[in-house]
Every structure is written in C-alpha cells, then in structure tokens.
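Here the structure comes first, spelled out in structure tokens, and everything after it is commentary.
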Amino acid sequence: MELPKAYNPHEVEDKIYSEWESKGYFHAEPILDKNPYSIVIPPPNITGILHMGHALNNTIQDILIRFKRMQGFGAEWMPGTDHAGIATQNVVERRLAKEGIKRHNLGREKFVDEVWKWRDEYGSTIIRQLKKLGCSCDWQRTRFTMDEGLSEAVLEVFVRLYDKGLIYKGNYIINWCPRCQTALSDEESQHKDVDGMLYHIKYPIKDPSGGVDKHVVIATTRPETMLGDVAIAVNPKDDRYKDLKNKTLVLPILNRELKIIYDGLVDMKFGTGALKVTPAHDPVDFGLSLKHGLEQINVMNDDATINSLGGDYEGMDRFEAREAIIEDLKERGLFIKSEPHRHAVGHCYRCHTMVEPRLSLQWFVKMKPLAQPAIEAVRSGKIKFYPERWTKVYLDWMENIRDWCISRQIWWGHRIPVYYCKKCSSLRPKDQILRSASGLPQNDGNIGLGAIISKSRPDKCPKCGSTELEQDPDVLDTWFSSWLWPFSTFGWPKESKDLEYFYPTDSLVTAQEIIFFWVARMIMAGLEFRHDIPFKNVYIHGTVRDITGTKMSKSLGNVIDPLDMIQKYGTDALRFSIISITTQGQDVFLSESKFELGRNFANKIWNASRFIMMNLKPEEISVDLCVFYKGAKLTLPEKWILSRLYSTLGYVGKCLDEFKFNEAANAIYEFVWHEFCDWYIEIVKPTINEKNSQVILYKILEKSLRMLHPFMPFITEEIWQKLPRSKGVTGESIMVQPWPHIQSEMISKKDEDDMKRLIELITSIRNMRAVWNIEPRTKTSVVINIHDSEVEKLLADNVDLVKSLARIADLKYGAHPKPESSAVSIVGNMEVYMPLEGLIDFEKEKLRLVKEEARMQAEMKSLTTRLNDNNFTSRAPREVVEKQEERKAELAIQIKKMSENLKEIGV
RNA sequence: GGGCAGCUAGCUCAGUUGGUUAGAGCGUUGCGUUCACAUCGCAGAGGUCACAGGUUCGAAUCCUGUGCUGCCCACCA
C-alpha cells in the first residue's frame, strides 16, 4: 500500500481517535495475569480550557500510559474533572448577572440547579480537548468530584475525621476574600508584593491630670483596622516604653481606652517598636489577644465594608475608610507621616482580590496527626519525587503544616454534613448532643448546641425528636474532595476489585503549583483512609512560560493556545515538540516556532515511510528478524543500523522509566532522522531490491514506529495501518502492539565504532569536495594511505559504500605515497588525498593545513603533559589512560603526516 | 527573612555517576532541485561553559563565596 504524498494530520486524527475509543483500547479491567499500571489525571476544573500546561501534563501521562500498555501492563488512566467551587460559582454568577439575576435573589437551590445546567453544557469542554490531544484516558470511567460516588466518599471522610476528633469548628483568623465572600485556606491566599504605605500615627496617653501632649507613635499599613484596636504592644526590653507601665492609651477617633501589653513578639526594630493590637484582623494580634486576654472586635462586614462598630465610618469600603481615617487624623494632629512600604499581601487565588485577615467561625481539619505518616512515607522512600529536590519542599511544608480551613461560604460544592436541631440549640452546654454517623457522642465546644454529624439528613433530632433541623449552610473546600481522588474514583468507600487492583497507583504527573494543594493532601488521605500510599512516584514538571519567561496567562495575552497549534502543526507535532524541549524539572519556555521541530520530524517520518513502502516487496519481508539475523550475511551498515535501533530502544525505555522524556524523544529523533534516514536509507538505495535491504528497512521502520508511538500516536497509527503485514505486524492498532523486545545480541559496540569511522571518512571527503568547489556530479579520485591493517580491512569491506557516498570514481587505499598536487585530510589513522591537478590553490590549502596543525599540536601538548604525569597514569582508570594513549599515538602519526604535507607545499 | 532553580554558540536549550576534540534545534555562510522529503540534502563558521577561589592527576560537572535572573515559602505590624 502506498502513502499519500503529504501527511495531513487533520484528515486522520479524529477518525483514528474515535476508532481507538470505539474498540475499547483505552479501558482496562482488573485482570489477574497482567500487572496493573495506573495513573490518575490531575482533574482539570470544569471552568478550564486546555492550555499549554495541560498539554504538557497530559502528553507526559499519555506517553507513560501508552508505553506501559504496550509493555503489557493492565494500564489504566483514570480521567475526570473537579467542580472548582469558587471558580465555577463565579462563572455562573457572572453569567446570571448579564441577565440581571443575582444569586441571592435566585436562592440556593435554584442557583445550584443553574450551576449544574452550566456544567452539563460546558463542563466537558476540557474533556473534548484532551481527546484532541490524543489522550488515551479510560473515558468509560470518567469521574467528577460531585458525582454520587465521590460525594459519598467526601461525606464518609468528613464523618470519619470528625469521629476521630480531627475536625473542629472554631473562631480563628482566616483569609477572607471580600469579593467571593468566603473563607480561603492558607494555600488559596497567594502572597504578592504590593507597594503600600507605612503610616505613623500618634496614640495619646491618657493623663489623669489632663492636658499634657504625650503619645505613643505606632506604625501600621492598614490604618482602617485601628477601629478594632484593643491594645498597644511593646517589647518588654524596649527602653523607650519602660515608663508606660500602668498607663492607659486612648484610641484616636473612637476614644476607646487601650491597654499596654508587653510581649517579646514585638520587633523593636520595626517602625516605632510599638504595635497596635487588632485581634479580629491580624493573626499575630489574635495570638496576643488569647495570650493577654483581650477583647476581639471585628469591624468589618463580609464585603469588607466597615460595620456598625466602626462609628462614623460604617458602610465605607476598607480602602475608603483608610483615606477618611487618615484625613481625620490629620485634622486632629495625630498623623505624623506616611512612607512607601513594600510588603507581601495575600490575594485570592481565584479573583486576585486582596485578602482580608479576619476573625471568623469556620471548620478546620487538624493536620498534624495526618501529616506524620505522610512525612514518613516520603522519608522512607516509599514515595519518590522526580526531580528529587521537591522532596525537601514537601517535607518542609509538611513539618510546618497548619490546620486546614475547609468551610467555604458559597453554594456550589459538597455541603457540610452537619445538622443543627433548633430546639436543642437552646439547651445548656452540658446537655448538648453531638452525634456522628457512628453513633458515638462527640463534644466540641465550638460546634454549636444540638449539632448532628451525619452523612445523610436525619429525620429527627436523636435527643429531642424535633424535626426542625437545619443543615450547616457552608460547603467544603473543593480540595476536600480532590484529595480523595486516587481512591474515591475507584469506588471507595465501597471495596471493589478495581480499588484492590489499581490502588495504589503508580505515578502522579503534576505541576509544582499543586504540591501543597493536592499532592501532599492526597498522600495524607491515602494513608489515613486506605492505609496505603496513593502513588509511588510523583513527577513534577515545569511551568510553561512564554519566551520572555513570563507565565502564560489570558490576561497578559501571551498565551499560545495548544488547540491553535494542533490546527496549525498537528497533534503529534505539538506533542513531540513540547516533550523534546521539556527537561526534567525545568520550566518550559515556549514560542510558536518551536512547534516546527515536531512538524518537520513528522514530515520526515512520513516521507521516509512513504519511500520505504514504495519499494517494499511484501513477499520478501515476511520473516522473523531473529531467525533472519542468524541466517543472513549482513554488511556493516546493516549490522550498524540494527545495533543502533536496539541501543536506542534500550535507552528510550530507560529514560521513560526515569521520567526523562526529552532525552527519550531526542534519542528517537536522532536515530530516526540522522542515522536511519540520513545514512542507512541513503546507503541502501543501490541495493534496495535485495532481500537483506528489504527485511532491514521494513523491520527498522516497523519497530521505530512502535517505539515512537507513545510520543506521536496518530502518525504512527496511520502509517502502521498501511504497512504490509508480516510476522509481528498485525492489522490491529499500533497502540495495542507490544513494545519491541530488545535483541541485545544485535547490539555491537564494534560495529557502531566501525561505522562511525567510515562516516567520519566520508564526511571528510565530502568536506574536501566542498572546500574545493567540486560539483556534485563530478566524481573524483581519492587515495587513502593506511598503515593499520584493521582499518585497511574495514575499508576493504566497505569500499563500494565509501565510493558511492563520497562520489569517488577511483579509490586507492593501502600504503600509498601522496599523489602530486592533492588536497589532504587526516582522519584517524587514515591520510586522505584528493588529487586536484590544476585546481589546487596552495595558499588556501596552506592556510587550512596550518590551522589544522596548530589545533593538533595544542591537543598533543596537553595530552603529553597529562600522560607524563605519574599521578594521572597511576590514578586514573586504566580505560581512560589507554584511550588517551591511543589518541596520543594516533595524533603523533597525524602530526607527522601533517608536517610532511606542510613541508611539501613549502611551509 | 528562609529556601529552590538558572547563568554553556547570535537565539532557545541539552550535557548521564568528574575522564578523549563540550552537543542539538533555530539562525547564519557556501553548494545543491537525477524522482522519499525544500517541512529537504551536503559541507562550514561560531563557545575563556557568569565571576573568584578551592578539592582533584583531571572540573561545564564536586565544594565555598560573589554577581545578576526567575520562582516558592514566611504572622515585621
């Protein structure tokens, strides 16, 4: 069968993909005689569209899973999406706002219905795009974090953690996003440097005698929070404030009396050394309030406007209030100065609004007990990070882990499985009933009276029988469902064959941004709920950036859309390009032109295949390669290309096992293009109809396609389908073919070295031709002077090869003197002469040779010093010394010959 | 404040556990269209491996320090 003249990816990709899918190749079932290999997708969120980060991430996973599938593993790649609570709610809210509808007017239930509708319509965009990328995910198993099964897992986990005393409700300073109007976890608050101001403000000292203008100066970046001040803190060692003891200060404007407290926490060097204490709006101050028994005054509403405790400023936005307060302080003569101050401030990771630290009643997970086994799992090497340096990042975070705020004041998500009995909530604390699903009474001072922790809504209060129950209005952090992904997707909490077979999974491929959000928490969840690690390897790939090093983002407009690139260059080109430039653990700097690499390679593969298939005679090729190899007499190029194939194959397998995807891709590229196409195919042309050529061309092509398939699935499939059938080449899809077996008896270092020597010889002859402007059609005569019998034999065996590739009419070799007027080139032990009667320009030749000789002399000098050094010869490995001695001997001959040549042309 | 990366050819980057003459792609120079491929072929030019010390027979590679660049973490208001 012949291939069309040009490869058109768009014509075949969709067809090939749907065929794979319809034949069920992506699906894996637990099969006992196969070893499992499973990976789970880092679930993209349903508001997402495919970006380059996804393209890189999923190409890597697809390479792994296709590789393992071909190797015969029960290869399962579990796909799915997460519900992205805040992000999705924001998207739907914005959509409704366009129609003039507000979330709160719609009501909770109707709003959630709207989100589901939106999800049904748009939530699978990313899935379709992953299919465009060629991902061989097991779509039959596609999961969503809000699916029934996964939701069940979430509730189960909440109740279990509660029963274990690891979930509590408490009043703490949390990160509050005033725009999304919800609490955020520490990880969801991203620190960014902002240029702010440091304001110096006088706080008057209350003087019983009255009238004297004494004050303490404090420095603050958020003057508006002074409305919630309850004290001034200074360091006990600070001499400046020694005599403040027993004094009282007055809060400007509100005129509240403030205590002075002494605490070593206060940094004497910062600002004035006096710290205003605002327990409801700052974590440090909150800590001080607990320690010193101070009141906590929250002065803000949910939208960060000032509340009724803020006096005249009520209703103002926090930044408005800041300005107004500064103005008022100026009027009263209490404002000293403001100076520019750059500092890190938390921002909402979804909407980038400045986070307001704020006292709030939220649900938390106690993390320390969960972290301990997760630390151990990584320390002991049961879980390995690639590259290894992420281990330290992980451990540092884990060892300093803080409790996880899991409640969100939004509507889209898993609702917290806690119900409050209206009647019981009026009972005194000692009578309160807190009943979990397991029936064990629990107690928690903050959880509220009459609370019932239950996976399903109870009919009535177990204590008083009242049916007036209200569910907690909050939903759980999206990551509270994602952290269960590796087992909830396989059916947990129900035991299943899938779970038993595929868990723990093998490798997790993800981006560094997500180590804390997701990777660390999955490890904790896996160990807590399955008593086993969720995966063995964590491969962290780099961030995709544009060519200036900026992270790609829609708002910056520097995005290179993978779907555009697929449209322009084809999926395989996209995949191969991005993989070949992604070094393990390094960020990827992308520009559109980089995709040409993959496109050109695809083109090369196509044309080489087309050429081979045009010339193949199906009756010649139906042999087993091993049988053929034993029976046939092979030429050096034939032995060489087989050796190179299997060397490459071994290297590629090793690289994939070590997550060195770019090295694998580049090894294949080098082999296919620069060895197979550039040399072997050129060599084989004159004898292409012979049996040996036929078999070897066919086998190399066929095995190269299989080796390449994980990287470039579509083009390899398209060619495979048109390939003549033979032993080992069935009509079935290439994706279910076995990974080629390494025939190590065909790997020969000597053959590879010999061929390398011939290639060097041919290259140098071509070089002489180029230098002397000999037209390609003109055949020259060449004389090669050789003293080494082995090299002479090598040349004798391959004389036709050299003659044809170097376009030589007349080749003499052996012990020959230099012919008159010839150009010279020295290659290893060979002295190559090209007679150029009348053509030779001695000045030009002189320059060339002098330069060459100087290079040789320099090398000789350094070699001699090294070899004369006793330390070197005695300490270096024998191999190295031998090699260098060989090189020296060769170099000595070369220099001798070179100087003879130089003498001859009068130097 | 703590930590992590990067600095190699004009550009973008590889460089295995230290060991011959440091590589690729793009760009560039010369030649080439007799039919697999111009998304191509052949040949070339181009590098003090950021800097300074150190370890070693030997350093792009290991150690220390410096300088830029980028990233992550962090309760100096």
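Chain letters run A, B, ... following the sequence lines, proteins first, then strands; residues in each count from 1. Here the structure is a predicted model, which means the values were calculated and not measured.
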message: Once hydrogens and angles are ignored, does a donor-acceptor distance under 3.5 Å link the base of B:U21 to the side chain of A:R887?
response: yes
- prompt: According to a strict under-4.0 Å criterion, is A:N600 in side-chain N/O contact with OP1 or OP2 of B:C40?
  reply: yes
message: Using heavy-atom distances to pick each residue's nearest nucleotide on RNA chain B, tell me which of A:T272 and A:Q884 is more 5'.
response: A:Q884
- prompt: Is there a side-chain contact between A:Y669 and A:F576, using heavy atoms and a 4.5 Å cut-off?
  reply: yes
- request: Would you state whether a donor and an acceptor, one from the side chain of A:K660 and one from the base of B:A14, lie under 3.5 Å apart?
  value: no
message: Please give the distance between the C1' atoms of B:A9 and B:G25 as a whole number of Å.
response: 12 Å
query: Within the structure, does a side-chain N or O atom of A:N767 lie under 4.0 Å from either OP1 or OP2 of B:G44?
result: yes
- request: Taking only the side-chain nitrogens and oxygens of A:W673, find out if one of them lies under 4.0 Å from OP1 or OP2 of B:G41.
  value: yes
query: Would you call A:E663-A:K654 a salt bridge at under 4.0 Å N-O?
result: no
- request: Describe the nucleic acid contact of A:S593 in one word from base, sugar-phosphate, nothing, applying a heavy-atom distance below 4.0 Å.
  value: nothing
task: Report yes if a donor N or O on one partner sits less than 3.5 Å from an acceptor N or O on the other, where the partners are the side chain of A:Q512 and the base of B:A5; otherwise report no.
output: no
- prompt: Cut-off 3.5 Å, side chains only: do A:D229 and A:T278 have a donor facing an acceptor?
  reply: yes
task: Give me the ring orientation class for A:F661 and A:Y539: parallel if the planes are under 30° apart, tilted from 30 to 60°, perpendicular past 60°.
output: perpendicular
message: On the nucleotide B:G1, are OP1 or OP2 found under 4.0 Å from the side-chain N or O atoms that A:H343 carries?
response: no
